[in-house]
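Scroll down for the structure; my scribbles are underneath it.
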2 protein chains.
Amino acid sequence: MRPLYHPPLDEITVQGILYALSDPVRVRIFTQLARADCAKTCSEFLHVRKKPLAKSTLSQHFKILREAGLIRSERMGVELHNSTRCAELKKRFGPMLDAILRAYELEARSS
Amino acid sequence: MRPLYHPPLDEITVQGILYALSDPVRVRIFTQLARADCAKTCSEFLHVRKKPLAKSTLSQHFKILREAGLIRSERMGVELHNSTRCAELKKRFGPMLDAILRAYELEARSS
DNA sequence: TCCATTAGTTCTATAATACAGAACAATTGG
DNA sequence: CCAATTGTTCTGTATTATAGAACTAATGGA
């Protein structure tokens, strides 16, 4: 089992971020992590919006978020503790991420 | 041949926009359109960054941009005149699009 | 120590999507 | 009306996504 890869800040791409955030499940995961004040495990997201997700699928989604540079996952015993890399990302991409999250939020409210 | 579909402003989604802009060819097309002061035809993009594109592929890319609500395509004789819907989009999504384009621009400069 | 449990990952097969060549459609100019 | 031009749609292949099954890693107890 290969170690979890986290790209360094300067290898993170806009393309990768947009792709990662163009999926509703991943957006949900990311926004929950962004809102949370402490790290969350993967399995907390096995039921996203009432839709049961296979854990292999969920694992893939986390991998995509991680390798896009959006989140950081640390092994803590048997589980992974996931948190966002928002602070770093803000340094590199300015207001982009905030603007995206805000747009998603507004969209959710209006529907 | 079915008429070109342009979603009304309130049916445009963040997800659709991010997905459309997570492909380098489409980003190139969109940014060129955004910079241009007049509409551009599809075939002007047959060579994007020295890579020859099949016109069927290009057509698909335009369709994705169009149906994501990012561009508007009008038949003018035998060709299509494409332009962005930036003004409308700004009303609905605020600074998101600008922030994305700016991030892509900075990324391009630094590489 | 060893076994059961828990949390995630990887493997494998199938379903959905992207790409590009070929045929087609629509418009215009000669 | 025919030829040329621009773009779309059709069709087959290649890549990517999903989810079940098997596997790995860490822990807590008997």
Side-chain angles (χ1 to χ4, degrees), chain A residues 1-6 13 15-30 32-33 36 38-68 70-83, chain B residues 1-6 13 15-16 18-30 32-33 38-68 70-83:
Chain A
M1 210 171 261
R2 45 180 166 276
L4 304 173
Y5 178 66
H6 295 89
T13 66
Q15 182 180 334
I17 289 176
L18 297 194
Y19 176 72
L21 294 181
S22 71
D23 176 278
V25 172
R26 291 193 292 264
V27 169
R28 183 71 159 214
I29 293 171
F30 186 72
Q32 300 277 335
L33 291 181
C38 65
K40 285 182 165 308
T41 66
C42 300
S43 56
E44 294 187 54
F45 297 94
L46 275 171
H47 290 85
V48 172
R49 297 169 74 192
K50 297 182 183 170
K51 257 190 189 167
L53 268 172
K55 64 177 181 170
S56 58
T57 305
L58 191 62
S59 176
Q60 270 305 113
H61 282 311
F62 270 93
K63 183 181 181 185
I64 289 173
L65 287 168
R66 190 164 51 237
E67 301 195 344
L70 285 165
I71 67 171
R72 191 174 294 283
S73 310
E74 295 176 274
R75 255 238 137 69
M76 298 288 272
V78 64
E79 43 192 29
L80 288 189
H81 282 199
N82 301 283
S83 51
Chain B
M1 209 170 263
R2 46 179 165 275
L4 304 173
Y5 178 66
H6 295 89
T13 66
Q15 182 181 335
L18 297 195
Y19 176 73
L21 294 181
S22 71
D23 176 277
V25 171
R26 290 192 293 265
V27 169
R28 183 70 160 214
I29 293 171
F30 187 72
Q32 299 277 335
L33 291 181
C38 65
K40 285 183 165 308
T41 66
C42 300
S43 57
E44 294 187 54
F45 296 93
L46 276 171
H47 291 83
V48 171
R49 296 167 75 193
K50 296 182 184 169
K51 256 189 189 167
L53 268 172
K55 64 178 182 170
S56 59
T57 306
L58 192 61
S59 177
Q60 270 304 114
H61 282 310
F62 270 94
K63 183 182 181 185
I64 288 172
L65 287 168
R66 191 164 50 234
E67 300 194 346
L70 284 166
I71 67 171
R72 191 175 293 284
S73 309
E74 296 177 273
R75 257 237 136 69
M76 298 290 270
V78 63
E79 44 192 29
L80 287 190
H81 283 199
N82 301 282
S83 50

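- Judged by distance alone, with hydrogens and angles left aside, the side-chain atoms of A:N82 form a donor-acceptor pair with the main-chain N or O of A:K40 at under 3.5 Å.
- For A:E44 (side chain) and A:T41 (main-chain N/O), a donor-acceptor pair under 3.5 Å exists by modelled atom type.
- For the pair A:R66 CZ and C:dT9 C1', the computed distance is 9 Å after rounding to whole Å.
- Straight-line distance from the CZ atom of B:F45 to the P atom of D:dT8: 13 Å, rounded to whole Å.
- Heavy-atom distances to DNA chain D give each of B:T41 and A:R75 a nearest nucleotide, and the one nearer the 5′ end belongs to B:T41.
- Listed nucleotides D:dT8, C:dG8, D:dA26 differ in distance to A:V78; the shortest reach to its side chain belongs to D:dA26.
- For the pair A:H61 and D:dA17, the criterion of a side-chain N or O lying under 4.0 Å from OP1 or OP2 is not met.
- In this structure, the nucleotide among C:dT9, D:dT6, C:dC19 sitting nearest to the side chain of B:K55 is D:dT6.
- Residue B:Y19 places no side-chain N or O under 4.0 Å from the OP1 or OP2 atom of C:dT17.
- Here the side chain of A:A54 is nearest to one of D:dG20, D:dT8, C:dT27, namely D:dG20.
- Remark: P of C:dT10 and CD of A:Q60 are 9 Å apart, rounded to the nearest angstrom.
- In this structure, B:L53 atom CG and C:dA18 atom C1' are separated by 12 Å, rounded to whole Å.
- Counting any heavy atom pair closer than 4.0 Å across all strands shown, B:L46 reaches no nucleic acid atom.
- Cation-pi check for B:R26 over B:F62 is not met; the charged atom does not lie both under 6.0 angstrom from the ring centroid and within 45 degrees of its normal.
- Between B:M76 atom CE and C:dT28 atom P there is a gap of 10 Å when expressed in whole angstrom units.
- Nearest to the side chain of A:S56, among C:dG8, D:dG20, D:dG7, sits D:dG20.
- Using a 4.0 Å heavy-atom distance criterion, A:T57 is classed as a base contact.
- Rounded to whole Å, the distance from CD1 on A:I64 to C1' on C:dT10 is 15 Å.
- Nucleotide D:dG7 holds its P atom 8 Å from the CG atom of B:L58, rounded to whole Å.
- Considering only side-chain atoms of B:E79, the nucleotide from D:dT6, D:dT18, D:dA19 that sits closest is D:dT6.
- Residue A:L80 contributes atom CG, which lies 18 Å from atom P of D:dT24 at whole-angstrom precision.
- Relative to the side chain of B:D23, the nucleotides D:dG7, C:dC19, C:dG8 differ in distance, and C:dC19 lies closest.
- With 3.5 Å as the limit, one finds a donor-acceptor pair spanning the side chains of B:S73 and B:R66.
- Side chains of A:E74 and A:L80 form no contact here, defined as non-hydrogen atoms less than 4.5 Å apart.
- Contact between the side-chain N/O atoms of A:S59 and the OP1/OP2 oxygens of C:dG8 is not found at any separation under 4.0 Å.
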